Amino acid sequence: MHIFFGSNKDLRQNFLREPFASRGFPDYEMNWYGAPGGEYAKNTKGPDRQYPGSDPDVAAQHLFTERGVDIAILHPMTRGIMPDRHLGTALANAHNEMMVTRWLDHERYGERFRGTIRVNPDDIAGALREIERFKDHPRVVQIGVPLQSRELYGKPQYWPLWEAASDAGLPVAVHIEVGAGVQFAPTPSGKTRTYEQYLGFMALNYLYHLMNMIAEGVFERMPALKFVWADGAADLLTPFIWRMDCFGRPHLEQTPWAPKMPSDYLPGHVYFVQGALDGPGDVEFAGEWFGFTGKENMVMFGSSYPHWQLNEPEVPTAFTPEQRDKLLWRNAAELYGLQSALTSTAGAAR
């Protein structure tokens, strides 16, 4: 689920320090494409009409009480890549402090929340400080970076960041950012016309990052590194990795630092959060499709709370019971080390 500040005033007055509190930065809504029916689900604002997804008690009621969720992985939504890297790092720090103090340390629900530390990939030194600061918090389970980077994530300038994440035992989650900072068009050929086109094409950018990371030998160099592509695109993986295997195998002399078949770098390294558009739907071959390329071991359910789609945990009838469990909880439990937490939560519910 995504969490936000109650307002820009809340961010500036309570968490963002000077000289950055007086600086200009985009609102959460500053992007080219907005959902025609509104960005957020009904009744997700705070009791005093704070921004959706900003009140732990409201979110807990929706997720834990009404929807039967056991554990919620929090992903603070920041403002993208800022022109001033120091401002970008200050914004990430403010969001991290907000998440820890208001959510992870919440008196009633903190045990059921897990957190994503947001870092700024344009400021490696600042990002490393954020990891060092929060990595030992018992409810921090991953590091988050924006999809809209200015370079592919396999490039060497990012390696110290990935090495720090790997050393800390924390997966790296890549997610489409909201408030648009300095970013490229959503497609290599420019901007799409409508929100629907944007939504259909944007997740393709995950594959550009992933294929570059494989070719640059990132997973060969860092065998414990795990990446979570957190806004869908698992359905795009199979055809892309097939093509990469076909074209990559005859030319391994060009990438001796990545000697395996490209698809061999997927297991244990690559995960996806299920997107609203992923997959063929509830058809008779859905289970077979889910098994292609080992996707059944990579995909995790995500609600996208409080956004408009508010995904329901609907599992195709053709899935096996094992595939269903992997999607709804097992893959996430293994990745984030949640088995004991799920056991205690289930006991409390009974």
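All values reported here derive from a predicted model rather than from experimental measurement. Throughout, residue positions are numbered sequentially from 1 according to the sequence presented.
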Determine whether the aromatic ring centres of residues [Y] and [X] are separated by less than 6.0 angstrom.
| X | Y | value |
| --- | --- | --- |
| Tyr265 | Phe227 | no |
| Phe292 | Phe285 | no |
| Tyr206 | His209 | no |

Working to the nearest 0.5 angstrom, can you tell me the gap between [X] [atom1] and [Y] [atom2]?
| X | Y | atom1 | atom2 | result |
| --- | --- | --- | --- | --- |
| Ile176 | Asp231 | CD1 | CG | 4.0 Å |
| Leu104 | Met98 | CG | CE | 10.0 Å |
| Asn331 | Asn297 | CG | CG | 6.0 Å |
| Ser149 | Ile81 | OG | CD1 | 7.0 Å |
| Leu91 | Leu11 | CG | CG | 6.5 Å |
| Asp123 | Met82 | CG | CE | 13.0 Å |

For Arg102, run the salt bridge (charged side-chain N to carboxylate O under 4.0 Å, His left out) check against Asp57, Asp55, Asp10 and tell me which one passes.
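That would be Asp10.
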
Hey, which of Asn212, Val218, Leu210 is the one that makes side chain to side chain contact (heavy atoms under 4.5 Å, CB included) with Ile214?
Leu210

Hey, does [Y] have a side-chain heavy atom less than 4.5 Å from the side chain of [X]?
| X | Y | result |
| --- | --- | --- |
| His86 | Phe20 | yes |
| Leu152 | Tyr208 | yes |
| Pro186 | Phe201 | no |
| Thr78 | Pro146 | no |
| Val228 | Leu335 | yes |

Out of Phe25, Phe15, Tyr51, which residue meets the ring pair (Phe, Tyr, Trp, His ring centres under 6.0 Å) rule with Phe5?
Phe15

Would you say [X]'s side chain and [Y]'s backbone share a donor-acceptor pair under 3.5 angstrom?
| X | Y | value |
| --- | --- | --- |
| His269 | Leu225 | yes |
| Asn205 | Met202 | yes |
| Trp257 | Ala215 | yes |
| Asp122 | Arg85 | no |
| Ser304 | His307 | no |
| Glu39 | Ala35 | yes |
| Lys295 | Ala234 | no |
| Gln323 | Thr320 | yes |
| Arg79 | Pro26 | yes |
| Arg112 | Val69 | yes |

How close do [X] and [Y] get, counting heavy atoms only, and between which atoms?
| X | Y | value |
| --- | --- | --- |
| Trp103 | Leu74 | CB-CD1, 3.4 Å |
| Glu196 | Pro36 | OE2-CG, 3.5 Å |
| Arg118 | Val145 | NH2-C, 3.8 Å |
| Pro76 | Thr116 | CD-O, 3.3 Å |
| Ala233 | Asp278 | N-OD1, 3.2 Å |
| Thr44 | Ala41 | OG1-O, 2.8 Å |

Using a strict threshold of under 4.0 Å (side-chain N to carboxylate O), is an ion pair present between [Y] and [X]?
| X | Y | answer |
| --- | --- | --- |
| Lys326 | Glu334 | no |
| Asp84 | Arg23 | yes |
| Glu163 | Arg221 | yes |

Give me the ring orientation class for [X] and [Y]: parallel if the planes are under 30° apart, tilted from 30 to 60°, perpendicular past 60°.
| X | Y | result |
| --- | --- | --- |
| His2 | His175 | perpendicular |
| Tyr109 | Phe64 | tilted |
| Tyr153 | Trp162 | perpendicular |

Are Gln50 and Ser7 linked by a side-chain donor-acceptor pair shorter than 3.5 Å?
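Per modelled atom types, Gln50 and Ser7 side chains form no pair under 3.5 Å.
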
Pair Asp105-His137, side-chain donor/acceptor within less than 3.5 Å:
yes

Would Glu296 and Arg330 count as a salt bridge (charged side-chain N to carboxylate O under 4.0 Å, His left out) here? Give the steps.
CA-CA 10 Å; Glu296 61 191 5; Arg330 191 181 301 279; over 6 Å; no

Using a 6.0 Å cut-off, check whether atom [atom1] of [X] has over 12 heavy atoms from anything other than its own residue.
| X | atom1 | answer |
| --- | --- | --- |
| Glu18 | CD | yes |
| Arg12 | CZ | yes |
| Arg133 | CZ | yes |
| Glu66 | CD | yes |
| Glu322 | CD | no |

Can you name the side-chain contact (heavy atoms from CB on, under 4.5 Å) partners of Ser303, sequence neighbours left out?
Met1, Leu63, Arg67, Phe301, Tyr305

Can you list the steps and then say if Tyr40 with Trp308 is a side chain to side chain contact (heavy atoms under 4.5 Å, CB included)?
CA-CA 4 Å; Tyr40 301 103; Trp308 63 269; over 6 Å; no

Of all residues at least two apart in sequence or in a different chain, which pass the side-chain hydrogen bond (donor to acceptor under 3.5 Å, both in side chains) check with Arg324?
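None.
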
Walk me through whether Ser263 and Trp242 qualify under side chain to side chain contact (heavy atoms under 4.5 Å, CB included).
CA-CA 8 Å; Ser263 59; Trp242 282 352; over 6 Å; no

I would like to know whether Ile73 and Gln142 meet side chain to side chain contact (heavy atoms under 4.5 Å, CB included); could you show each step before the answer?
CA-CA 9 Å; Ile73 309 295; Gln142 68 183 359; 3.9 Å; yes

With sequence neighbours left out, what residues match Asp235 under salt bridge (charged side-chain N to carboxylate O under 4.0 Å, His left out)?
none

Evaluate the side chain to side chain contact (heavy atoms under 4.5 Å, CB included) criterion for residues Arg129 and Asn93: first the C-alpha distance (whole Å), next the side-chain angles of each, then the deciding distance (0.1 Å), finally the verdict.
CA-CA 10 Å; Arg129 288 195 299 270; Asn93 172 264; over 6 Å; no

